[in-house]
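All remarks here apply to the structure that follows.
Heavy atoms only: backbone and side chains are in, while hydrogens, waters and symmetry mates are out. Chain A is the first sequence line, chain B the second, and so forth, proteins listed ahead of strands; every chain is numbered from 1.
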2 protein chains.
Amino acid sequence: MNKTKLTLKDVAEQLGVSTATISNAFNRPDQLSKTKREEILAQCKKIGYSGPNKAAQILRKGTSNIVALVLADSISYMVSDPVASTFIKGVSSTLQENGKHLLLYAGDSDSILDVVDFVDGFICYGQPRNSNLVSELAVSPKPVVTVDFDIEDKPSINIDNEEAAYRVASHALNEGDNVAIFGLRLIDSPSTCRIYDNPLIDVDSSIAHRRLDGYLRAATEKSISVSNERIWHLPESDRHFARQAAKEVLTSSPRPNVVLCMSDIIALELLHLALEMGIKVPEELKITGFDGIEEAERTRPRLTTVCQSSSEKGVEATKALLNQVTAKSTLPFELQVGDTV
Amino acid sequence: MNKTKLTLKDVAEQLGVSTATISNAFNRPDQLSKTKREEILAQCKKIGYSGPNKAAQILRKGTSNIVALVLADSISYMVSDPVASTFIKGVSSTLQENGKHLLLYAGDSDSILDVVDFVDGFICYGQPRNSNLVSELAVSPKPVVTVDFDIEDKPSINIDNEEAAYRVASHALNEGDNVAIFGLRLIDSPSTCRIYDNPLIDVDSSIAHRRLDGYLRAATEKSISVSNERIWHLPESDRHFARQAAKEVLTSSPRPNVVLCMSDIIALELLHLALEMGIKVPEELKITGFDGIEEAERTRPRLTTVCQSSSEKGVEATKALLNQVTAKSTLPFELQVGDTV
DNA sequence: CTGTTAGCGCATTCAC
DNA sequence: GTGAATGCGCTAACAG
């Protein structure tokens, strides 16, 4: 048992060969004979040398096999969100297949600078809460792939949110409907509220605004107008925020007969509260969701929603990063008709 | 705009000071005057130098601020499990507070050797599916903290699983009861089944066997015997596995009037199926869970279970790692009486 | 308080 | 196929 950790140099001395030979045995099999290589590896194993030091390799090679997944929010929040965790699944399984490691990075961190030097690239899932990260990613020397939002000149994975929202809303709406919308992060407020005349945030870049565009396009086509006091802002796709909005909307008068929700989580919360209150769905209240999470499939009545495959997004984003793809790509979505419309 | 990335040496030259001064300005404020330091930092900012290269620091200092969280299973599975994701929350928030980064590591990986050189330590949550990892962690030169299982001589965070199981079972059981148990990973099988005479796995180290001990102690005290055909094995705490076990147990004859479940997820699935089948809970069927997840609090009737704070486990494990604690510690649990017993 | 120097452990030239 | 030399970018020790 050696007390101090073996280095490549130690091993080379012990085996009576040069350091390059040991290095090649581990990294470049073509540089030496098969028998010699295997002999060396066997010897190394015997003396307890498990290969070149990774920290040194990172410096020397400039690659670490570590990919940073930058989340929109704190890790705490994202990891319990079913949509985000499904995305993480897709990323992690693809990384694992390719021998890469996953570093989880919070979107409310100050900066990516303290990892940019040693990670091989970034997957950025949703617009980070700290917009500083976006600027840093934009000029990062390491590859970046964004998902559910865009950075100029960087590859991205998206669905057509406007069209998806339009499709589900078109399915739900009829002329004369009284419509409310549960939106996500539309204005700059930490709590659930109607948007009224508050300034909208990230109108150009946020998917929430694309979805809103789609909803409103469908409404307009049916000659329905939706005023700003019928549009709720929820800071997160979270059932607690949703519950409050649901209470407000279901006790408002006149009560809307359609509520378009920007996520399944908030749609389900509304659905539950409506049923508790004895409101008939869809006869008295129609509800649409967004995402297509598993819980929505299990719930009765089944939620009408737009399915996007979050895990596939994760897979595609990871592949795009690993293969140095530079194009932006748009994934398909699917209208899923349930019982709530 | 410099095309090639600036190094500390470049900067030192440009500013006309030595490399050590630049290094000290960033790393050891006490080594130079405040004014000089601030002047240097300002200059660096101006020329676009954001600090010493982290990859080089990792090699030089031997620390990276990266902590690996080794999960029991694939990341895919763990990230959607509410108990695990709550644990991850605790870990990630504590790491973030301390400026550390989180590397997620799958328990079905081949080896920890490809990260051991550059991470600062390991938190191991549950016994990794690949037992090889346990051997490697046992001799790791980097600090290790285990949670929900033990490695000799390494600090750990646990609850008293035997006692917790005993307590909830004692609450549920009455003399003459017909008892079934839904256990986790009791035998080596990838599918739901009764354990019969199959060889039990990890009897000494697994928390599932401690819980089983507790259940059986409570049963024995009430003069109840539980045969091996009344004990189910589920490979994971997953609703799909649970559904199958639930079907089996609810259609078995004589049907048990108490089912002790080793997780809330599987208890809830059993509860749902029982209600679908028109079985009255708790009159005809009593159910206990384990963990105390949020969904169990929301569900009606409320599940009787044992609450353990997974997020606190995460916090404590992280603190133990960062503070180099060496003692094993046991966290409290709490019996949560609901409506299902 | 500041500058010089010697590695951290390795991979890659380039000669042989 | 192999071995010696250079430096990846930095920090800690030391000398001034």
Checklist entry - For D/dC10, does OP1 or OP2 lie under 4.0 Å from any side-chain N or O of B/Asn53? => result no
Checklist entry - So does B/Tyr49 get a side-chain nitrogen or oxygen closer than 4.0 Å to the phosphate oxygens (OP1/OP2) of D/dG9? => result no
Checklist entry - Looking at residues at least two apart in the chain, or sitting in another chain, which of them share a side-chain hydrogen bond (donor to acceptor under 3.5 Å, both in side chains) with A/Ser64? => result A/Asp120
Can you give the donor-acceptor pairs under 3.5 Å from side chains of residues 38-57 of chain A to other protein atoms, not counting sequence neighbours?
residue : atom : partner : partner atom : Å
A/Tyr49 : OH   : A/Gly51 : O            : 3.3
A/Asn53 : OD1  : A/Ala55 : N            : 2.8
A/Asn53 : OD1  : A/Ala56 : N            : 3.0

Checklist entry - Taking DNA chain C as the partner, which of residues 28-36 of chain A come within under 4.0 angstrom of it by heavy atom? => result A/Arg28
Checklist entry - Which ones in residues 113-121 of chain B lie close to DNA chain C, meaning a heavy atom under 4.0 Å from one of its atoms? => result none
Checklist outcome for this item: The answer to which of B/Thr21 and A/Ser23 contacts DNA chain C further toward the 5' end, by nearest nucleotide, is B/Thr21
Next on the checklist: D/dT11, OP1 or OP2 - any side-chain N/O from B/Asn27 closer than 4.0 Å?
Outcome noted: yes
Next on the checklist: The criterion is side-chain hydrogen bond (donor to acceptor under 3.5 Å, both in side chains); which residues satisfy it with B/Ser111, sequence neighbours excluded?
Outcome noted: B/Glu136
Next on the checklist: Restricting to side-chain hydrogen bond (donor to acceptor under 3.5 Å, both in side chains), what partner residues turn up for A/Lys61, sequence neighbours left out?
Outcome noted: none
Checklist entry - Between CG of B/Leu95 and CG of B/Asn65, what distance do you get to the nearest 0.5 Å? => result 10.0 Å
Next on the checklist: Between A/Lys89 and B/Ile75, is there a side-chain heavy-atom distance shorter than 4.5 Å?
Outcome noted: no
Checklist outcome for this item: Sorted by chain and number, sequence neighbours left out, side-chain hydrogen bond (donor to acceptor under 3.5 Å, both in side chains) with B/Asn130 holds for none
Next on the checklist: Does any part of the side chain of A/Leu71, heavy atoms only, come nearer than 4.5 Å to the side chain of A/Leu69, both counted from C-beta?
Outcome noted: yes
Next on the checklist: Please report the end-to-end axis angle for the helix from C/dC1-D/dG16 to C/dC16-D/dG1, five pairs per end, rounded to 10 degrees.
Outcome noted: 40°
Item to check | Student check: side-chain heavy atoms of A/Leu6 and A/Gln14 closer than 4.5 Å | outcome: yes
Next on the checklist: The criterion is salt bridge (Lys or Arg N to Asp or Glu O under 4.0 Å); which residues satisfy it with A/Asp117, sequence neighbours excluded?
Outcome noted: B/Lys5
Enumerate the protein-to-nucleotides 5-8 of chain C contacts in which both atoms are nitrogen or oxygen and the separation is below 3.5 Å.
residue : atom : partner : partner atom : Å
C/dG7   : N2   : B/Arg60 : NH1          : 2.7

Checklist entry - Which pairs, with at least one residue in residues 100-112 of chain A and sequence neighbours excluded, count as a salt bridge (Lys or Arg N to Asp or Glu O under 4.0 Å)? => result none
Next on the checklist: Is the phosphate of C/dG9 approached by A/Gln57 (side-chain N or O, under 4.0 Å from OP1 or OP2)?
Outcome noted: no
Checklist entry - Residues in side chain to side chain contact (heavy atoms under 4.5 Å, CB included) with B/Pro143, at least two apart? => result B/Leu321, B/Gln324
